[in-house]
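Data block below; observations after.
Order of listing sets the numbers, starting from 1, for every ligand and every atom in it.
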Amino acid sequence: MLAWIVTGVCLFYLLVNFLLLHWAGVKPLARFINDENHLNATLARLLKPRWPGSLGHSQVRDFLLQELLDLGFHTDRDEFVDGVAFTNVMGTINPEAPNFLLLCCHYDTVNLTDVEGYLGATDGAVSCAILLNMAKTLGPYLREELRKRLDIGLALVFFDGHEPMPTDRKDSSALRGSKRFVRMETLPLESIELAIALNFIGAPAQAYMSHYDNTYMLHNRLAEIELDLRGSRQLAPCHLLFQKLKDHDTDLPDDHYPFLDEGVPVIHLAPYRYPQVWHTAADNAAHLHWPTVLNMNSIIRQFVHEYLENHDDDTTYRLDS
Ligand SMILES: *[C@@H]1O[C@H](CO)[C@@H](O)[C@H](O)[C@H]1NC(C)=O
Ligand SMILES: *[C@@H]1O[C@H](CO)[C@@H](O)[C@H](O)[C@H]1NC(C)=O
């Protein structure tokens, strides 16, 4: 009698477990192979002074466009003049899609009077390298699987004109590129389901919190992905980057602001304070905390893949819907 009850309870437990996993759509994480050589080589190509008007600036712009093209992306460049020439660079998979997951960062550096050759390693370069490395390591998936989809596309946007020019106020970001992108609707704003802006990644002891309530669940998903990757030994030894915490009253000004103003759901993938090296000569490769860079790279790649895979017609994070 007892044996029957135990067996019954066990079977019931297994059934509930199976159904819960099934309903919740919990699948084991897909595995991707790191390409650290590509990440390093990409970062090396970006780490040069690249203020608008400089040689480094046009070299980096051309490099971004060429990389995106080589990785099978449709590319767009949007040039505009405001004293000097600025160029936003965009790469898309499924450029005609009705919905987009958009990831962005800025590629220009500030032309500081007191720091010659400011490299902005955490200030743009690492974020750009992470996006290109994601495009590289997810390449087969993007070209073979995502291309067949009609419901969603991926957009990687590299903004210019983020930093103030000598004629601007020194203490604030100019955000020329992102403001222009939103104003011109380089991608129709209605089609942008989620915009993720990356910045200031790669200093030691960083913590990442949620900044906006409507994307808090997605932020938590990033935190869970970090734990899952760590559990399956796919991360470098490092403190946890993502905290399941709401920091909804403060945020560093960045390229997500213009999107936010237009009601596009955003995640600001940035720490809660500026790196100590920010706008100093020390914002270079030698001062990067490499485990942070590697882990952020793995977490974002996993998140993007999962987001695209799980997307369906009901997906929305807009407050007005
Ligand atoms: C990439 O660069 C980091 C930091 O400079 C270094 O620690 C790491 O060994 C490099 N990895 C490879 C594969 O070259
Ligand atoms: C950037 O700084 C350099 C050196 O201080 C200066 O020669 C150059 O004119 C500046 N460029 C711009 C676009 O302001």
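- Closer than 4.0 angstrom to ligand 1 by heavy atom are Glu36, Asn37, Asn40, Trp290, sorted by chain and number.
- Listed by chain and residue number, Asp151, Glu193 satisfy the side chain to side chain donor-acceptor pair (under 3.5 Å) test with His311 (two or more places apart in sequence, or in another chain).
- The ring-ring contact (aromatic ring centres under 6.0 Å, His included) with His57 is formed by just one residue from the set Phe158, Trp51, Tyr107, Phe86; it is Tyr107.
- The pair Asp168-Arg176 meets the salt-bridge criterion, since a charged nitrogen lies less than 4.0 angstrom from a carboxylate oxygen.
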Using residues 58-66 as the side-chain source, report each donor-acceptor pair under 3.5 Å to any protein atom, sequence neighbours left out, with the distance given to one decimal.
| unit_1 | atom_1 | unit_2 | atom_2 | d |
| --- | --- | --- | --- | --- |
| Ser58 | OG | Leu55 | O | 3.1 |
| Gln59 | OE1 | Lys48 | NZ | 3.0 |
| Gln66 | NE2 | Asp70 | OD1 | 3.0 |

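- Here ring pair (Phe, Tyr, Trp, His ring centres under 6.0 Å) pairs that include residues 117-153, with residues two or more places apart or in two chains, are Tyr118-His279, Tyr141-His305.
- Between the side chain of Arg50 and the main chain of Leu119, a donor-acceptor pair closer than 3.5 Å is present.
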